[in-house]
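In what follows, a single structure is set out as structure tokens and then discussed.
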Amino acid sequence: MIPWLNPNDPFPPLESALREPNGLLAAGGDLSPQRLIAAYSRGIFPWFNPGEPILWWSPDPRMVLFPDELKVSRSLRKTLKKQAYEIRIDTAFRQVMEACAAPRDGHSGTWITPAMISAYTELHRQGLAHSVETWMEDKLVGGLYGVSLGRMFYGESMFSRATDASKIAFVYLVRQLERWGFGMIDCQMKTAHLASLGAREIPRAEFSQKLSELVNFPGDIGHWHRP
């Protein structure tokens with residue numbers, strides 16, 4: 001059994017998360033900025049399907065990318081050199097979330113519900129959630145969004161409507177975060193796509209230890225702009 005969170009209840013210890021399903025920690029609570037910030041600062045994230053209560057997760061191991069371990073394939077490197085695209089930051093946050101929520105690959109459902117979009121749009125308004133966008137011919141064709149605390153970035157989701165469009169945004173994000181001194185990018189769950197870009201799994205204990213250092217760095221709060 002996992003605990004049910006009432007409005008003012010704290011999260012339980014990460015060690016109490018279930019092994020199956022991996023990382024399920026608690027249910028209930030809300031998606032207020034205060035609750036989300038409390039969750040992310042401890043490495044907890046919400047993930048639930050429409051019609052379900054809010055479910056909170058802290059998987060072990062944890063998929064992360066250290067910025068200096070980014071891998072860029074030869075073909076992607078060629079795409080990056082073509083410059084047939086424009087990168088924008090924080091200019092279409094809600095559009096990026098809505099695109100990430102759209103059905104893809106024959107699946108009709110999505111975990112990015114209207115409530116999630118509203119919650120993260122509010123975090124964006126407060127300068128804590130950000131989007132990196134790939135534009136071609138003034139059309140949004142790919143991108144990603146996530147949450148930033150201190151020198152820690154939590155990737156949430158990405159989408160692509162053109163070849164490599166999400167990868168282009170991801171590479172730009174990682175390189176920019178490295179320049180800004182960010183130490184780790186949370187990728188949450190293991191996927192072959194993220195592994196191909198250099199992400200790898202680490203134990204939850206190691207993740208938590210690194211996280212506790214990074215979130216306590218003073219970070220710039222506000223909308224990001226291209227240097």
Side-chain angles (χ1 to χ4, degrees), residues 14 17 22-23 39-45 47 57-83 85-90 96 100 120 123 128-134 141-160 162-221 224-227:
L14 302 185
N22 180 17
Y40 280 105
S41 65
R42 293 187 57 198
I44 301 165
F45 60 89
W47 182 41
W57 303 78
S58 176
D60 186 14
R62 189 69 164 246
M63 192 73 165
V64 302
L65 175 69
F66 297 101
D68 62 354
E69 295 182 4
L70 174 69
K71 294 180 181 177
V72 181
S73 67
R74 186 176 301 174
S75 61
L76 180 56
R77 207 173 291 125
K78 290 180 180 178
T79 300
L80 292 169
K81 289 179 179 178
K82 289 179 181 177
Q83 295 292 327
Y85 59 87
E86 178 189 0
I87 293 291
R88 302 179 191 176
I89 304 178
D90 282 348
V96 169
C100 289
Y120 284 80
L123 279 187
L128 295 171
H130 304 280
S131 61
V132 180
E133 310 136 17
T134 305
V141 295
L144 57 88
Y145 75 96
V147 175
S148 173
L149 295 178
R151 291 185 185 173
M152 178 74 196
F153 188 83
Y154 309 80
E156 281 296 317
S157 187
M158 59 178 68
F159 81 98
S160 186
T163 302
D164 288 339
S166 62
K167 290 182 179 180
I168 290 169
F170 186 77
V171 169
Y172 178 89
L173 169 71
V174 176
R175 288 174 172 171
Q176 187 58 60
L177 291 180
E178 185 174 20
R179 285 191 287 267
W180 286 340
F182 277 61
M184 189 165 62
I185 299 169
D186 178 29
C187 301
Q188 298 180 351
M189 302 289 194
K190 182 179 181 179
T191 67
H193 177 247
L194 291 168
S196 72
L197 292 164
R200 58 183 170 94
E201 290 183 315
I202 62 173
R204 181 170 57 208
E206 180 182 347
F207 173 79
S208 297
Q209 186 269 327
K210 293 181 183 297
L211 175 68
S212 65
E213 298 171 3
L214 293 168
V215 296
N216 288 317
F217 274 98
D220 293 331
I221 297 176
W224 287 350
H225 303 280
R226 287 200 61 179

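Owing to the predicted nature of the structure, the values given are computational and were not obtained by experimental measurement. Only this structure's heavy atoms are used, side chains among them; waters, hydrogens and symmetry mates stay out.
One N or O on the side chain of T134 and one on the backbone of A165 form a donor-acceptor pair closer than 3.5 Å. The backbone N or O of A205 lies less than 3.5 Å from no partner atom in the side chain of S208, so there is not a single donor-acceptor pair. At least one donor-acceptor pair under 3.5 Å links the side chain of R62 to the backbone N or O of G43. Of the possible polar contacts, none joining the D60 side chain to the G23 backbone as a donor-acceptor pair under 3.5 Å is found. Looking at S131, its side chain never comes within 3.5 Å of a backbone N or O of E133 through a donor-acceptor pair. In this structure, the side chain of R77 engages the main chain of V72 through a donor-acceptor pair within 3.5 Å. With hydrogens and angles disregarded, no donor-acceptor distance shorter than 3.5 Å links the side chain of D186 to the backbone of G155. Put simply, the side chain of D90 gets close to the backbone of W224: a donor and an acceptor are under 3.5 Å apart.
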Trace of the side-chain contact (heavy atoms from CB on, under 4.5 Å) decision for Y145 with V132
CA-CA 6 Å; Y145 75 96; V132 180; over 6 Å; no

Is there a side-chain contact (heavy atoms from CB on, under 4.5 Å) between F170 and L65? Walk through the geometry before answering.
CA-CA 11 Å; F170 186 77; L65 175 69; 3.6 Å; yes

What do the steps show when you test V141 against Y85 for side-chain contact (heavy atoms from CB on, under 4.5 Å), and what is the final call?
CA-CA 9 Å; V141 295; Y85 59 87; over 6 Å; no

As a quick check of understanding, evaluate side-chain contact (heavy atoms from CB on, under 4.5 Å) for T191 and L194, giving each step before the final call.
CA-CA 5 Å; T191 67; L194 291 168; 3.2 Å; yes

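The distance from atom OG of S160 to atom CE of M158, rounded to the nearest 0.5 Å, is 9.5 Å. With rounding to the nearest 0.5 Å, the separation of CD in E201 from CE in M63 is 6.0 Å. If you take NZ on K82 and CD1 on I168, they are separated by 9.5 Å, rounding to the nearest 0.5 Å. Between atom CE of residue M152 and atom OG of residue S41 there is a gap of 11.5 Å, rounded to the nearest 0.5 Å. Taking NE2 of H193 as the start and CG of L197 as the end, the distance is 5.0 Å to the nearest 0.5 Å. Note that the CE atom of M184 and the CD atom of E213 stand 9.0 Å from one another [nearest 0.5 Å].
When every heavy atom of R42 is checked against every heavy atom of L211, the shortest pair comes out as C-CD2, 3.5 Å. Closest approach of G181 to R151, counting heavy atoms only: O-CD, 3.2 Å. The nearest pair of heavy atoms linking F153 to G146 is CZ-CA, 3.6 Å. Residues F207 and V64 share a closest heavy-atom pair of CD1-CG1, 3.6 Å. The two residues G143 and A169 have their closest heavy-atom pair at CA-CB, 3.9 Å. Scanning all heavy atoms of the two residues, the minimum distance from S58 to R204 falls at O-NH1, 2.6 Å.
Side-chain contact between I185 and F66 is absent, with no heavy atoms from C-beta onward closer than 4.5 Å. Residues L144 and V96 fail the side-chain proximity criterion, which asks for heavy atoms closer than 4.5 Å.
Counting non-hydrogen atoms of neighbouring residues, nucleotides and ligands closer than 6.0 angstrom, the CH2 atom of W47 reaches no more than 12 such neighbours.
Remark: Y120 engages no residue in a ring pair (Phe, Tyr, Trp, His ring centres under 6.0 Å) (not counting sequence neighbours). For the side-chain hydrogen bond (donor to acceptor under 3.5 Å, both in side chains) test, residues two or more places apart in sequence or in another chain that qualify with E69 are R200. Residues meeting the side-chain hydrogen bond (donor to acceptor under 3.5 Å, both in side chains) test with E156, sequence neighbours left out: Y40, Q188. Listed by chain and residue number, nothing satisfies the ring pair (Phe, Tyr, Trp, His ring centres under 6.0 Å) test with F182 (two or more places apart in sequence, or in another chain). Partners of Y172 under the side-chain hydrogen bond (donor to acceptor under 3.5 Å, both in side chains) rule, at least two apart in sequence or in another chain, are R226. With sequence neighbours left out, the salt bridge (Lys or Arg N to Asp or Glu O under 4.0 Å) criterion links E86 to R88.
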